[in-house]
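Inspection log for the structure reproduced underneath, given as structure tokens.
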Amino acid sequence: MKQFVIQSSCSTCRSMDGGVGRCLEQDVKAFYNSDYQGGGNWRVTGTIENLICTFKNDITPYPQATLDYARFRLSQILRKDLPEILRICGKSNLRVCVIPRAKSELTYRPNQLYFRSTIQDVVQQLHGFEDGTHDIIRHTNTSTTHLARRGNGGEGEQPYIGITKDTCNISNNIIGKDILLIDDLYTKTVNIDEDCLQTLIDKGARSVMFYSIGKTKSRY
């Protein structure tokens, strides 16, 4: 596992009024498991790129055995990394939230939400963590960023300042809590993660940190 800082100065994004501003108003401590190389690595079984792609499960549906193995591998990663994050940050407890997928919750099959449910299973078994995996639920479709480059992002807006507040329900259970926000992949300049972190702050979280399974190497 590696550490980095999500810098507010690099969170420049469009606003819905046609201007430009920052999605994030403060720097945030962050962690990730592996570099994400991109290219054709998503086709190679055993790579972090393949693991993340498998959980998307949105172009060619994967067999159940493949999905079950991805859940097993993710569980292994989380069981190693999450206790280390707790140790490094010096907190006694972290509430774990998850970045929601781009579309409304109701548009996904259960096996397209395995990333979140796997995190939930692990968090419920680890000491020092609270299950907040359903604290952020998307109710309005946004453009799927990893498909939008090929014109297949579907309906909904690309990232803008406040997109999380506008398209998600946020639970009051985050108020006063130290939050660890988890995503599958962090890519600098996309700003979905930054906007969600700022939303948690604005909604009353005591503190926020971030963790992703992969971090795009070519853009950071």
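Only a predicted model underlies this, so the values are computations on that prediction, with no experimental measurement involved. FYI, side chains are in, hydrogens and waters are out, and symmetry mates aren't considered; it's all heavy atoms of this structure. By convention here, the first residue in the shown sequence is residue 1.
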Starting at [atom1] of [X], measure out to [atom2] of [Y] and round the result to the nearest 0.5 Å.
X: C196; Y: I99; atom1: SG; atom2: CD1; value: 3.5 Å
X: I179; Y: K177; atom1: CD1; atom2: NZ; value: 7.5 Å
X: K217; Y: T187; atom1: NZ; atom2: OG1; value: 14.5 Å
X: S143; Y: K103; atom1: OG; atom2: NZ; value: 5.5 Å
X: I174; Y: C97; atom1: CD1; atom2: SG; value: 7.0 Å
X: N169; Y: T164; atom1: CG; atom2: OG1; value: 12.0 Å

ILVMFWY cluster, [X] and [Y] together (side-chain gap under 4.5 Å):
X: I48; Y: V122; answer: yes
X: L181; Y: I161; answer: no
X: I175; Y: V98; answer: no
X: I77; Y: V123; answer: yes

Flag the pair [X] / [Y] as yes when at least one side-chain heavy-atom distance between them is below 4.5 Å, and no otherwise.
X: V96; Y: Q124; value: no
X: Q158; Y: I163; value: no
X: I170; Y: D135; value: no
X: E130; Y: L94; value: no
X: F115; Y: I119; value: yes
X: V28; Y: V5; value: no
X: T54; Y: T66; value: yes
X: D178; Y: N93; value: no

For this session: Test side-chain contact (heavy atoms from CB on, under 4.5 Å) on N173 and R95 and set out the steps.
Result: CA-CA 9 Å; N173 291 329; R95 187 169 181 87; 3.5 Å; yes
Problem set entry | CA sep, side-chain torsions, deciding dist, call: S8, D27, side chain to side chain donor-acceptor pair (under 3.5 Å) | CA-CA 5 Å; S8 61; D27 293 351; 3.3 Å; yes
Problem set entry | Polar contact flag, side-chain donor to acceptor under 3.5 angstrom, Q64-D68 |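 Per modelled atom types, Q64 and D68 side chains form a pair under 3.5 Å.
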Exercise. Do T167 and T140 have side-chain N/O donor and acceptor atoms under 3.5 Å apart?
Worked result: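 Absent: no donor and acceptor within the cut-off.
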Determine yes or no for a side-chain-to-main-chain donor-acceptor pair under 3.5 angstrom, with [X] supplying the side chain and [Y] the backbone.
X: T216; Y: Y36; answer: no
X: E84; Y: K80; answer: no
X: S104; Y: T107; answer: no

Quick one: closest heavy-atom pair of [X] and [Y], and the distance?
X: N57; Y: L67; value: ND2-CD1, 3.8 Å
X: Y62; Y: C53; value: OH-SG, 3.5 Å
X: E49; Y: D35; value: OE2-O, 3.8 Å
X: L78; Y: L126; value: O-CD1, 4.4 Å
X: S92; Y: L86; value: C-CD1, 4.3 Å
X: P159; Y: R14; value: O-NE, 3.2 Å

For this session: Please find out if less than 6.0 Å separates the ring center of F31 from that of F210.
Result: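 When the ring centroids of F31 and F210 are compared, they turn out to be at least 6.0 Å apart.
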Exercise. Do the ring centers of F4 and Y186 come within less than 6.0 Å of each other?
Worked result: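 F4 vs Y186: aromatic centres under 6.0 Å.
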Exercise. Pick from L197, N191, T199, I192: which one makes a side-chain contact (heavy atoms from CB on, under 4.5 Å) with D195?
Worked result: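 Answer to the side-chain contact (heavy atoms from CB on, under 4.5 Å) test with D195 among L197, N191, T199, I192: T199.
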For this session: Would you sort out whether D58 and R101 count as a salt bridge (charged side-chain N to carboxylate O under 4.0 Å, His left out), showing the intermediate values?
Result: CA-CA 11 Å; D58 54 8; R101 295 200 64 166; 3.2 Å; yes
For this session: Can you spot which of H134, H139, R116, R138 makes a side-chain hydrogen bond (donor to acceptor under 3.5 Å, both in side chains) with E105?
Result: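 Filter result, single survivor: R116.
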For this session: Please indicate whether K165 has more than 12 foreign heavy atoms, meaning atoms of other residues, nucleotides or ligands, lying under 6.0 Å from its NZ.
Result: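 Counting other residues, nucleotides and ligands, NZ of K165 exceeds 12 neighbours.
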For this session: Test Q112 against F55 for side-chain contact (heavy atoms from CB on, under 4.5 Å), laying out the working first.
Result: CA-CA 7 Å; Q112 290 180 301; F55 277 111; over 6 Å; no
Problem set entry | Row check, Y32 ring normal vs K215 NZ/CZ: under 6.0 Å, within 45° |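 Yes, K215 lies over the aromatic ring of Y32.
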For this session: Tell me, please, whether Y114 has R71 positioned over its six-membered ring: NZ or CZ under 6.0 Å from the ring centre and within 45 degrees of its axis?
Result: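 Verdict for Y114: a cation-pi partner in R71.
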Exercise. Linking Ile, Leu, Val, Met, Phe, Trp and Tyr through side-chain heavy atoms less than 4.5 Å apart, which residues share a cluster with L113?
Worked result: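 Answer for L113: Y108.
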Exercise. Thinking salt bridges, do E194 and K188 make one under a 4.0 Å N-O criterion?
Worked result: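 A salt bridge is absent here (no side-chain N lies under 4.0 Å from a carboxylate O).
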Less than 3.5 Å apart, which donor and acceptor atoms pair up between the side chains of residues 16-25 and the rest of the protein, not counting sequence neighbours?
{"unit_1": "D17", "atom_1": "OD1", "unit_2": "S15", "atom_2": "OG", "d": "2.4"}
{"unit_1": "D17", "atom_1": "OD1", "unit_2": "G19", "atom_2": "N", "d": "2.9"}

